[in-house]
There are 2 protein chains.
Amino acid sequence: MPTAARDRAPTFSPLYRQIKALIVASLEALEWRPGDMIPSEMELAARFKVSQGTVRKAIDELAAENLLVRRQGKGTFVASHGEARTQFRFLRLAPDEGEPSYPESRIIEFRRQRAAAEVARVLDLKSGDSVVYLKRVLLFAKRPSVVDELHLPGGLFRGLTAERLAEGRAPLYGTFETDFGVKMIRADEKIRAVAADAAVAQLLEVPTGTPLLQVDRVAFSYGEKPVELRRGLYLTQHHHYRNTLN
Amino acid sequence: MPTAARDRAPTFSPLYRQIKALIVASLEALEWRPGDMIPSEMELAARFKVSQGTVRKAIDELAAENLLVRRQGKGTFVASHGEARTQFRFLRLAPDEGEPSYPESRIIEFRRQRAAAEVARVLDLKSGDSVVYLKRVLLFAKRPSVVDELHLPGGLFRGLTAERLAEGRAPLYGTFETDFGVKMIRADEKIRAVAADAAVAQLLEVPTGTPLLQVDRVAFSYGEKPVELRRGLYLTQHHHYRNTLN
DNA sequence: AAGTGGTCTAGACCACTTT
DNA sequence: AAGTGGTCTAGACCACTTC
């Protein structure tokens with residue numbers, strides 16, 4: 001049978017990318033939730049009326065983008081922040097000695113407030129829209145090592161309260177996806193060296209002026225939608241930010 | 001024709017990975033140099049006696065790893081550090097405002113010396129082996145912004161002299177690949193915040209104690225071979241280290 | 001027109017996991 | 001044994017670049 005053409009965008013888009021977009025739409029609509037198995041390649045091929053190889057290529061790309069995870073013999077699954085595999089993808093601070101571990105979190109402040117102009121701009125909101133503000137200290141092996149400030153769109157995190165996060169050792173992004181259906185896909189970070197001010201120095205139990213890593217993050221969900229603005233101040237006396245250039 | 005089996009490693013390795021290894025071997029042997037076009041998929045398929053699709057899958061992975069670059073209608077080319085595309089893959093310091101640019105370099109020190117224990121360990125040399133030591137200042141828009149110290153295996157960089165690098169605006173890794181056949185593939189970085197000591201502060205024209213980003217890099221060539229140890233101290237008052245988490 | 005990579009199909013068979 | 005993803009093939013045709 002000759003190649004199916006279907007509705008082709010004015011600028012040529014191959015079939016497998018259209019299939020890919022359909023799968024992403026299903027992910028976004030939570031037809032399959034994080035951790036779920038999606039239909040087999042043959043089933044999807046039947047649903048979309050294309051060959052298995054075309055579905056395969058679409059899934060290949062989604063797996064490369066960490067939206068899906070393939071497990072031979074088992075099936076293809078929706079990636080989840082609850083898994084060890086994904087655990088350290090967004091947590092780049094590692095101890096100088098020993099294995100990476102997940103930190104303990106202490107909430108310093110939690111409130112809903114009106115978005116300042118800068119926050120609104122980055123999160124694609126209107127100035128004055130509701131925003132969740134969260135300030136935490138992260139402790140690695142009982143040692144306070146990070147001071148974090150987060151801004152989240154209020155509309156996406158309706159039931160979020162301080163109690164719900166309290167004393168959590170659970171990954172924050174895992175909570176976001178299971179409790180609020182907000183899936184973090186990608187993040188951009190800008191890193192600088194700064195001196196600790198008095199307030200931060202006290203929280204981290206170091207002298208004022210101690211050099212800290214300042215990590216400004218914007219995290220995105222499906223469709224490049226910004227859903228988190230975060231500033232982290234990292235104490236790097238026993239830890240470092242690890243990165244790989246490919 | 002049934003599937004060719006060939007010499008199969010004890011743990012199963014698919015054909016396309018064996019093909020991939022053969023292509024990497026040719027790259028390593030400089031059969032095709034950076035910037036060169038490699039043979040077409042059909043030619044390689046004939047050479048290796050496999051189908052075009054199998055060669056294609058091997059090349060797909062090599063392109064994903066940035067060892068090869070595909071150009072539709074033209075051919076497949078060996079990736080080169082001389083291209084704009086690759087330019088900023090290993091240069092993560094970007095100005096807060098405006099477009100990234102390539103810095104001017106000033107050499108502060110250049111000499112050959114015996115490898116200290118730590119340097120030898122990281123570069124996989126013997127203690128006392130010859131090592132090239134290079135210290136530079138990088139200037140963005142006339143502003144000194146980085147102090148860099150590099151250690152390179154002496155054996156790989158035989159003809160390297162200070163004159164050859166002098167006042168170079170050319171990318172260092174481009175020089176390495178064209179002049180010495182050493183191709184940088186991947187690098188690991190560990191980032192910390194530190195305070196500028198007197199010597200560095202003078203070079204960067206800032207007060208002693210100014211917070212700086214300390215970036216420790218180990219760069220690798222083919223086969224995970226370490227070929228560079230580098231420590232950079234970045235002034236982040238008008239620049240930042242950019243990163244994307246996927 | 002010819003040559004390159006890019007897409008799509010259909011079918012066979014392999015490797016891994018579960019029943 | 002059945003179901004899943006993984007590999008490999010052979011052939012057709014499309015899109016892009018160059019001659």
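Residue numbers start from 1 in every chain, and the chains themselves are labelled A, B, ... in the order their sequence lines are given, proteins ahead of strands.
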Practice problem: Go through Arg56(B) and Arg70(B) one step at a time and tell me if the side-chain contact (heavy atoms from CB on, under 4.5 Å) criterion holds. | Solution: CA-CA 11 Å; Arg56(B) 185 168 184 77; Arg70(B) 317 187 84 132; 3.1 Å; yes
Quiz prompt | Step-by-step side-chain contact (heavy atoms from CB on, under 4.5 Å) determination, Val227(B) to Ser221(B) | solution = CA-CA 6 Å; Val227(B) 288; Ser221(B) 189; 4.0 Å; yes
Exercise. For Val55(B) and Ile59(B), run side-chain contact (heavy atoms from CB on, under 4.5 Å): C-alpha distance rounded to whole Å, both residues' side-chain angles, the deciding distance at 0.1 Å, then the answer.
Key: CA-CA 6 Å; Val55(B) 170; Ile59(B) 293 179; 3.8 Å; yes
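We find that CE of Met37(A) is positioned 13 Å from C1' of dC16(C), with the value rounded to whole Å. A straight line from CD of Gln52(A) to P of dC13(C) spans 16 Å, rounded to a whole angstrom. For the pair Arg71(A) CZ and dT18(C) P, the computed distance is 10 Å after rounding to whole Å. Straight-line distance from the NZ atom of Lys20(B) to the P atom of dG6(D): 15 Å, rounded to whole Å. Atom CZ in Phe48(A) sits about 16 Å away from atom C1' in dC8(C), given to the nearest Å. To the nearest angstrom, C1' of dA2(C) lies 14 Å from CE of Met42(B). Counting to the nearest Å, the P atom of dT7(D) and the CD1 atom of Ile59(A) are 14 Å from each other. One can place CD of Glu41(B) at 15 Å from C1' of dA10(D), the figure rounded to the nearest angstrom.
The side chain of Leu15(A) lies closest to dT9(C), out of dG5(C), dT9(C), dG5(D). Considering only side-chain atoms of Arg56(A), the nucleotide from dG5(D), dC8(C), dT9(C) that sits closest is dG5(D). Counting only heavy atoms from C-beta on, Glu43(B) has its side chain closest to dT4(C) among dG6(D), dA15(D), dT4(C). Comparing dT9(C), dG5(D), dG6(C) against the side chain of Val50(A) picks out dT9(C) as the nearest.
Ring planes of His81(B) and Tyr173(B): perpendicular class, angle over 60° (limits at 30 and 60°).
Side-chain atoms of Arg217(B) never come within 3.5 Å of backbone atoms of Arg230(B) as a donor-acceptor pair (strictly under, hydrogens ignored).
Residue whose closest nucleotide on DNA chain D sits further toward the 5' end, between Gly75(A) and Lys74(B): Gly75(A). If Gln72(A) and Gln72(B) are placed on DNA chain C by their nearest nucleotide, the residue sitting closer to the 5' end is Gln72(B).
Close to dA10(D), at under 4.0 Å from its OP1 or OP2, lies no side-chain N or O of Ser51(B). Residue Lys57(B) places at least one side-chain N or O closer than 4.0 Å to OP1 or OP2 of dT7(D). Distances shown here put a side-chain N or O of Thr54(A) below 4.0 Å from the OP1 or OP2 atom of dT9(C). Phosphate contact (OP1/OP2 of dG6(D), side-chain N/O of Arg70(A), threshold under 4.0 Å): present.
dT4(C): Watson-Crick or G-U partner is dA15(D), with both key distances under 3.5 Å.
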